[in-house]
2 protein chains.
Amino acid sequence: MARTDKIVGYSPTGKLADVTPDLAASGVETAFRMLEGRWKMVIIFHLFDRQVLRFSELERAIPGVSQKMLIQQLRDLERDGIVERQIYAQVPPKVEYRLTDWGQAMCPALDSLLEWAAQKPASPADPAPAA
Amino acid sequence: MARTDKIVGYSPTGKLADVTPDLAASGVETAFRMLEGRWKMVIIFHLFDRQVLRFSELERAIPGVSQKMLIQQLRDLERDGIVERQIYAQVPPKVEYRLTDWGQAMCPALDSLLEWAAQKPASPADPAPAA
DNA sequence: CGGGATCCGGCACGATACTG
DNA sequence: CAGTATCGTGCCGGATCCCG
């Protein structure tokens with residue numbers, strides 16, 4: 001896995017071993033920054049689960065979130081092309097949110113991360129899970 | 001992909017479709033929180049690339065990082081079981097950092113993320129990459 | 001109902017200086 | 001060399017009030 005020689009640029013294969021540490025780091029960091037935020041994951045998973053949700057539905061589905069944060073993180077996700085917003089010009093406003101195709105496409109990656117996290121060996125300093 | 005029925009608990013398979021939105025979200029969020037931080041990715045990728053590095057080597061490899069941030073994020077990573085620290089009782093102190101097995105194990109997940117990020121369709125609001 | 005603006009507090013981040 | 005201590009700051013997240 002490890003490599004010691006230099007690589008010229010950003011590998012289109014996306015393999016970590018093919019890019020320099022800084023390039024790979026910045027690439028993954030960029031992806032991370034899109035997803036970091038107290039509520040983005042919750043939003044994403046709810047949309048992944050329900051496919052399409054209105055603002056108020058999301059608000060109710062996520063207890064503890066403020067409208068500001070909800071709208072803010074939704075905007076971010078929208079701006080990053082992860083979620084789509086559909087507005088209906090109605091008397092009671094109606095806005096639907098759903099994942100974009102690309103947004104759906106990140107689920108395997110999240111899967112990997114979830115699996116990795118689940119494989120965590122009980123750290124030596126962890127509190128023993130006694131009864 | 002989508003599921004509508006309820007799931008009882010945390011799926012050992014780690015598949016997103018097998019867990020409730022909140023569980024999956026919290027799981028991935030937990031993983032994310034371990035990796036978020038201005039320098040963690042850079043550290044991880046450098047260690048992944050070089051396998052083992054001393055403190056000063058990391059410091060030199062990562063321009064712009066302060067000792068405080070470096071040590072802090074290294075501590076976090078160590079506490080989370082992602083990196084290992086090896087101290088040599090010498091007159092000039094010598095400490096080596098490397099990824100744990102589990103830390104290495106997350107690279108496929110980062111790969112997925114990198115790949116996903118690379119697949120991003122040019123967003124409609126993106127500045128046209130003109131000459 | 002959906003969206004926004006403003007104010008505020010905490011903490012991540014960072015610069016600098018000091019120590020074993 | 002490998003940290004620690006202290007101080008400062010910006011930005012994130014939250015409460016509250018306001019608008020279409």
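Side chains are part of it too, since the values below use all heavy atoms of this structure and drop only hydrogens, waters and symmetry mates. Chain A is the first sequence line, chain B the second, and so forth, proteins listed ahead of strands; every chain is numbered from 1. It should be emphasised that the depicted structure is a prediction, and the values quoted were computed from it without experimental measurement.
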Q: Round to a whole Å and report the spacing from CE of B:Met69 to C1' of D:dC7.
A: 15 Å
**Q.** Carboxylate-amine/guanidinium contact A:Arg54 A:Glu59, below 4.0 Å
**A.** no
Q) Rounded to the Å, how far apart are A:Arg38 CZ and C:dA12 P? A) 14 Å
Q.
Check the phosphate of D:dC12 against A:Trp39, side-chain N and O only, distance under 4.0 Å to OP1 or OP2. Yes or no?
A. no
Q. B:Lys68 side chain: which of C:dG2, D:dG13, D:dT6 is closest?
A. D:dT6
Q.
Heavy-atom nearest nucleotide on DNA chain D for A:Val91 versus A:Gln67: which residue maps closer to 5'?
A. A:Gln67
Q: Whole angstrom is fine here: how far is it from CG in A:Asp76 over to P in D:dC11?
A: 14 Å
Q. Can you name the side chain to side chain donor-acceptor pair (under 3.5 Å) partners of A:Glu96, sequence neighbours left out?
A. A:Tyr88, A:Arg98
Q) With a non-hydrogen cut-off below 4.0 angstrom, is B:Arg60 in contact with a base, only sugar-phosphate, or nothing? A) nothing
Q: In whole angstrom, give the distance that lies between atom CG of A:Leu70 and atom P of C:dG2.
A: 10 Å
Q) Rounded to the nearest Å, what distance is computed from the NZ atom of residue B:Lys40 to the P atom of nucleotide C:dC13? A) 7 Å
Q: Assign B:Tyr97 to base, sugar-phosphate, or nothing according to its heavy-atom contacts below 4.0 angstrom with the strands shown.
A: sugar-phosphate
Q: Compare side-chain N and O positions of A:Arg85 against OP1 and OP2 of C:dG2 and report whether any pair is under 4.0 Å apart.
A: no
Q: Could you check B:Val28, B:Leu23, B:Asp22 and say which one makes a side-chain contact (heavy atoms from CB on, under 4.5 Å) with A:Phe45?
A: B:Val28
Q: To the nearest Å, give me how far apart CD1 (B:Ile87) and C1' (D:dG3) are.
A: 12 Å
(Q) Without decimals, in angstroms, what is the distance between B:Arg33 CZ and D:dC12 C1'? (A) 11 Å
Q) Counting only side-chain N and O atoms of B:Ser56, is one of them less than 4.0 Å from OP1 or OP2 of D:dA2? A) yes
Q. Does the side chain of B:Asp49 come within less than 4.5 Å of A:Leu16's, by heavy atoms?
A. no
**Q.** Nearest-Å distance for atom pair CD/P, residues B:Gln72 and C:dC13
**A.** 7 Å
(Q) Students often get this wrong, so: under 4.0 angstrom with heavy atoms, is B:Pro93 touching a base, only sugar-phosphate, or nothing? (A) base
Q | Close side-chain approach of A:Met34 to A:Leu77, heavy-atom, < 4.5 Å | A | no
Q. Hey, does B:Gln73 reach any base, or is it just sugar-phosphate, or nothing, if we go heavy atoms under 4.0 Å?
A. sugar-phosphate
Q: Among D:dC1, C:dG3, C:dC1, find the nucleotide with the atom closest to the side chain of B:Arg54.
A: D:dC1
Q) Where the side chain of B:Arg75 is concerned, which of D:dT4, C:dG3, C:dA15 is the nearest nucleotide? A) D:dT4
